[in-house]
2 protein chains.
Amino acid sequence: MAAEKRGDGTVGKALDVLNEVAEIGSPVRFSSLLKTSKYPKATLYRLLQTLLNQNMLSYNDEEQTYKLGLKLVRMAHAAWLQSSLAPIALPFIDKLSDKVGETVHLAQLDNGQVLYVDKRNPSSPIEMYSQAGKVGPAYCTGVGKAMMAFLDEDALSRVISKQAFFKYTDFTITSEKELRKELSLIKKQGIAFDKQEHEVKIICISSPILSSKGRVIGGLSITSSIDIHSLESLQEFKPQLLKTSELIGKEAGAWNFPEQNN
Amino acid sequence: MAAEKRGDGTVGKALDVLNEVAEIGSPVRFSSLLKTSKYPKATLYRLLQTLLNQNMLSYNDEEQTYKLGLKLVRMAHAAWLQSSLAPIALPFIDKLSDKVGETVHLAQLDNGQVLYVDKRNPSSPIEMYSQAGKVGPAYCTGVGKAMMAFLDEDALSRVISKQAFFKYTDFTITSEKELRKELSLIKKQGIAFDKQEHEVKIICISSPILSSKGRVIGGLSITSSIDIHSLESLQEFKPQLLKTSELIGKEAGAWNFPEQNN
DNA sequence: AATCCTATTTCCAAATAATGGAACTAAGTT
DNA sequence: AACTTAGTTCCATTATTTGGAAATAGGATT
């Protein structure tokens, strides 16, 4: 499951181990890592030591466990500032969230997945899965589908090949064929809906953020729950959502935001 | 300025380069990096390629610039979840921010600096420097001083040795002697104030978060502006601030939060 | 369109670092 | 005391990294 690039020598291996620790998501012991690791004991050990030295991992003496280090939190802030749409989109998202009084998400495609790079909660937030930095599936979220719909065929097939098509809810799209049909509809309408495809009761309306050259650079969504909104009432946000996406796209152009993600 | 650990071989060098890119804070060209880098051209080039491969960096073809990659944003989310006090402290901070109606910061010490790991804005936020993931100086912020005051001498002198003592404002403490005096006062009072020491007009009241064994694991602050509050009126938040810090400390104990930072 | 930059990329033999099987230590268990 | 399991160190072998230099790419200038 872990991304495994060959030809990156030791650095690749070290980052591989870092990823493993990240994916486990809780403090891990050496022996536990060893079981699933493709590296021999001594090698794994040394890689861990190096990462510790570099503060990419931290070690709990008592528990003898490794976990991700604070260095990553620092770096990520810098990454977020310079590599995500978030700082550019910030004022626009604030405004949109204020106006519509619902949760707003800003996302980008990263390696076939939806990476949420920012989120605005209205005063009374609904309980939900997402957080800035969190990743989600592309094929069954509003932002994911909105972004996919506007990719060129090349990029699209690369992204589709990475979809798991796991059936989260009764409404989840679970085949490429269905998905492609949905995407062409979305492209026509300029807008995507999440009809409880990822989480029960959670719906959203979403639009892609396009660069001046028409390339997908991100996605924007307004999310709510069926207890509060219907798809029809979400539809009413369409003009504001599109307008905001357009403004962010323009601003990103001025900032020379890169157009390349897959 | 960049941390340079020896004996970490290639991995250390690669992370070194990554740090350099992070510290520059904006997209950089190869030649620009080369000027300040301690690595020869071919080496630097290959390190950058490796980092690109690993999605730790991204490259803008048109501009020929490197910047931090989204992979870092993803990893950091995991790091934040498993390595920071933030997820543990979340409900307590929400509640505190609600009650006092002012900005609340949660911070940890990382390498002699204050790392903000969470932040709550009241409905009408004041314009301010901080964000989750951002770092700040320890010697002239409320949380920084609060945490330092409760370190043991060993850890304290290590942290103090890393302070820059740059005079941000007329009120900034600029010598170890002054600082130590202030810290002993803070320890007596159990509470620290930032008296516009880092930013003009910005003041805060802050307390350390201590583990059950009395070790510093974080800091908590309520921040405002002199346009709204005086130090005296901030003082009124003291009981709530202390109570919240205590609760977070207890909760962290239950979660076996590590006590080790410097 | 030929020349001269300057920035980036590739090459390859020498230098260095990583590897991993095995041995060792430490801390429990029976 | 013998045994188990987990973590750490050793070191000759192997593989990767290194970096000076040369090649290439893409402007800018004559």
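So you know, we letter chains A, B, ... as the sequences are listed, proteins then strands, and number each from 1.
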Find the distance [X]:[atom1] to [N]:[atom2] and express it as a whole number of Å.
X       : N      : atom1 : atom2 : result
B/Tyr59 : C/dA7  : OH    : P     : 13 Å
A/Leu51 : C/dA18 : CG    : P     : 12 Å
B/Asn53 : D/dT17 : CG    : P     : 12 Å
A/Tyr39 : C/dG20 : OH    : C1'   : 14 Å
A/Leu33 : D/dT5  : CG    : P     : 20 Å
B/Tyr66 : C/dA7  : OH    : P     : 14 Å
B/Phe30 : D/dA25 : CZ    : P     : 17 Å
A/Leu47 : D/dT16 : CG    : C1'   : 14 Å

Trace of the side-chain hydrogen bond (donor to acceptor under 3.5 Å, both in side chains) decision for A/Lys67 with A/Asn60: CA-CA 8 Å; A/Lys67 58 181 181 174; A/Asn60 181 328; over 6 Å; no
No-H, no-angle donor-acceptor pair, B/Lys41 side chain to D/dG20 base, under 3.5 Å: no
base_contact_polar (D/dT17 base, B/Lys13 side chain, donor-acceptor, <3.5 Å): no
Aromatic ring proximity, centroids under 6.0 angstrom, A/Phe165 and A/Tyr139: yes
Shortest non-hydrogen contact between B/Leu57 and B/Leu52, atoms and distance: O-CD2, 3.4 Å
Heavy-atom donor-acceptor pair, B/Asp110 side chain to B/Gln113 backbone, under 3.5 Å: no
Five-pair end axes of the helix from C/dA1-D/dT30 to C/dT30-D/dA1, angle between them (10°): 20°
Ring geometry between B/Tyr168 and B/His198 (parallel below 30°, tilted from 30 to 60°, perpendicular above 60°): perpendicular
Parallel, tilted or perpendicular, as decided by the 30° and 60° cut-offs, for the rings of B/Tyr66 and B/Tyr59: tilted
Position toward the 5' end of DNA chain D (nearest nucleotide), A/Tyr45 or B/Pro40: A/Tyr45
Toward the 5' end of DNA chain D, by each residue's nearest nucleotide, A/Gln64 or A/Val11: A/Gln64
Carboxylate-amine/guanidinium contact A/Glu153 A/Arg158, below 4.0 Å: no
Sugar-phosphate, base or nothing in reach of A/Thr10, heavy atoms under 4.0 Å: sugar-phosphate
Below 4.0 Å: OP1/OP2 of C/dT8 and any side-chain N or O of B/Ser31: yes
Of B/Arg29 and B/Arg46, the one whose closest DNA chain C nucleotide lies more 5': B/Arg29
